[in-house]
Amino acid sequence: MRMDNTMTDVADIDFTLNGKSETRSVPVRRNLVDFLRQDMGLTGAHVGCESGVCGACNVRVDGVVVRGCLMLAVQVDGATVDTIEGLSESGEIAVLQRAFVAKNALQCGFCTPGMLMTGAELLRQNSCPSRLEIRDAISGNYCRCTGYQAIVDAIEHAAGGA
């Protein structure tokens with residue numbers, strides 16, 4: 001990361017975003033989800049609680065799902081960032097997406113990108129999670145519409161368990 005000598009509140013960052021190398025200047029206090037939405041035009045991750053408890057802003061940094069509202073954009077300098085758009089375009093979450101549709105695991109859609117990111121991470125770590133393990137994995141993601149049952153069903157279905 002290189003700090004601009006004339007403006008100490010802006011930094012240049014180099015990172016990989018959804019498989020593509022990027023170099024950007026970013027205000028040092030901008031959080032990652034705002035940077036992705038406002039500067040990169042990737043609006044899949046949502047701004048929800050802005051305190052890291054709802055999961056709507058989930059993105060993957062160096063292979064781990066993180067809260068985009070709690071991370072500064074300058075922290076991804078040298079990192080690999082994957083958004084819901086990248087996971088969708090690559091086909092990585094196609095089975096999970098189909099399961100969400102089949103099991104009616106989405107309604108308003110606000111939590112869906114974060115749920116898909118979390119579900120994909122769980123299935124990468126455990127290809128056959130129990131319903132309890134699924135519930136535990138998504139416990140940091142708020143959904144006001146579905147009651148979670150359909151989301152658990154969908155992740156279980158994507159794992160081949162239902």
Side-chain angles (χ1 to χ4, degrees), residues 1-100 105-106 108-127 129 133-134 136-145 151 154-155 158-159:
M1 175 174 40
R2 185 181 65 75
M3 297 291 288
D4 187 319
N5 291 332
T6 59
M7 295 183 66
T8 58
D9 62 343
V10 175
D12 291 334
I13 59 173
D14 296 305
F15 62 105
T16 302
L17 178 61
N18 297 328
K20 181 182 172 195
S21 294
E22 297 283 352
T23 299
R24 294 282 196 255
S25 293
V26 62
V28 296
R29 292 189 174 128
R30 178 162 295 156
N31 68 33
L32 181 56
V33 71
D34 286 340
F35 171 70
L36 292 169
R37 290 179 64 80
Q38 296 168 13
D39 299 344
M40 304 305 295
L42 299 169
T43 57
H46 296 125
V47 179
C49 66
E50 298 186 72
S51 58
V53 298
C54 76
C57 63
N58 283 352
V59 295
R60 194 164 67 191
V61 177
D62 290 334
V64 178
V65 174
V66 300
R67 302 295 203 237
C69 71
L70 296 181
M71 190 169 192
L72 295 173
V74 296
Q75 290 178 278
V76 300
D77 186 47
T80 297
V81 178
D82 296 301
T83 65
I84 194 69
E85 292 91 345
L87 297 186
S88 184
E89 288 172 12
S90 73
E92 180 179 336
I93 60 170
V95 170
L96 194 55
Q97 288 172 311
R98 285 192 297 273
F100 266 60
L106 52 125
C108 81
F110 192 82
C111 74
T112 304
M115 288 289 188
L116 288 168
M117 295 289 291
T118 300
E121 181 176 57
L122 171 64
L123 295 176
R124 276 190 8 243
Q125 295 169 354
N126 179 354
S127 63
E133 289 169 322
I134 295 168
D136 185 54
I138 65 170
S139 67
N141 294 68
Y142 287 170
C143 176
R144 293 178 180 234
C145 301
I151 295 169
I155 295 171

Next item on the list: Return yes if some donor-acceptor pair links the side-chain N/O of His46 with the main-chain N/O of Phe110 below 3.5 Å, else return no.
Entry: yes
Next item on the list: Mind checking the OG1-CG spacing from Thr43 to Leu36? Nearest 0.5 Å is all I need.
Entry: 10.5 Å
Item checked: Separation of Arg144 CZ from Cys111 SG (nearest 0.5 Å) -> 11.0 Å
Item checked: CA sep, side-chain torsions, deciding dist, call: Phe100, Ile155, side chain to side chain contact (heavy atoms under 4.5 Å, CB included) -> CA-CA 8 Å; Phe100 266 60; Ile155 295 171; 4.1 Å; yes
Margin query: Quick check against the 3.5 Å criterion: does Asn18 have a side-chain atom that pairs as donor or acceptor with the backbone of Thr83?
Written below: yes
Checklist line | Shortest non-hydrogen contact from Val76 toward Phe15 | finding: O-CB, 3.2 Å
Item checked: Full working for side chain to side chain contact (heavy atoms under 4.5 Å, CB included) between Val59 and Val66 -> CA-CA 6 Å; Val59 295; Val66 300; 4.0 Å; yes
Note to self: Side chains of Arg24 and Asp39, heavy atoms from C-beta outward: is any pair under 4.5 Å?
What the structure shows: no
Check: So, Glu85 side chain and Gly44 main chain: donor-acceptor pair closer than 3.5 Å or not?
Finding: yes
Checklist line | Donor-acceptor contact below 3.5 Å, side chain Ser88 vs main chain Ile84 | finding: no
Check: Considering only heavy atoms from C-beta outward, does the side chain of Leu32 approach that of Val61 to under 4.5 Å?
Finding: yes
Check: Would you say the side-chain atoms of Asn58 pair up with the backbone N or O of Val65, donor to acceptor, closer than 3.5 Å?
Finding: no
Check: Does the pair Phe35 and Ile13 meet the rule for a side chain to side chain contact (heavy atoms under 4.5 Å, CB included), with working shown?
Finding: CA-CA 12 Å; Phe35 171 70; Ile13 59 173; 4.2 Å; yes
Notebook entry, point to check: Would you find more than 12 non-hydrogen atoms of other residues, nucleotides or ligands less than 6.0 Å from Arg29 atom CZ?
Noted result: no
Note to self: Just verifying a value: how many Å separate Ile151 CD1 and Cys145 SG, rounded to the nearest 0.5 Å?
What the structure shows: 9.0 Å
Next item on the list: Step through the shown structure and confirm whether more than 12 heavy atoms of other residues, nucleotides or ligands are within 6.0 Å of OH on Tyr142.
Entry: no
Next item on the list: Hey, could you give me the CD/CG distance between Glu121 and Leu116, rounded to the nearest 0.5 Å?
Entry: 13.0 Å
Note to self: Let me confirm one number: the OG1-CD1 distance from Thr118 to Ile138, rounded to the nearest 0.5 Å.
What the structure shows: 8.5 Å
Note to self: What's the separation between atom SG in Cys57 and atom CE in Met71, rounded to the nearest 0.5 Å?
What the structure shows: 11.5 Å
Notebook entry, point to check: Has the side chain of Arg124 got a donor or acceptor atom that lies under 3.5 Å from a matching backbone atom of Gly63?
Noted result: yes
Notebook entry, point to check: Which heavy-atom pair separates Ala99 from Ala154 by the least distance, and what is that distance?
Noted result: CB-O, 3.3 Å
Check: Any side-chain heavy atom of Glu92 sitting closer than 4.5 Å to one from Asp82?
Finding: no
Margin query: Taking side-chain contact (heavy atoms from CB on, under 4.5 Å) as the definition, give me every residue that meets it alongside Leu72, ordered by chain and number, with sequence neighbours left out.
Written below: Val74, Gln75
Notebook entry, point to check: Can you check side chain to side chain contact (heavy atoms under 4.5 Å, CB included) on Leu123 and Val95, steps first, answer last?
Noted result: CA-CA 11 Å; Leu123 295 176; Val95 170; over 6 Å; no
Notebook entry, point to check: Side chain of Asp77, backbone of Asp14: donor and acceptor closer than 3.5 Å?
Noted result: yes
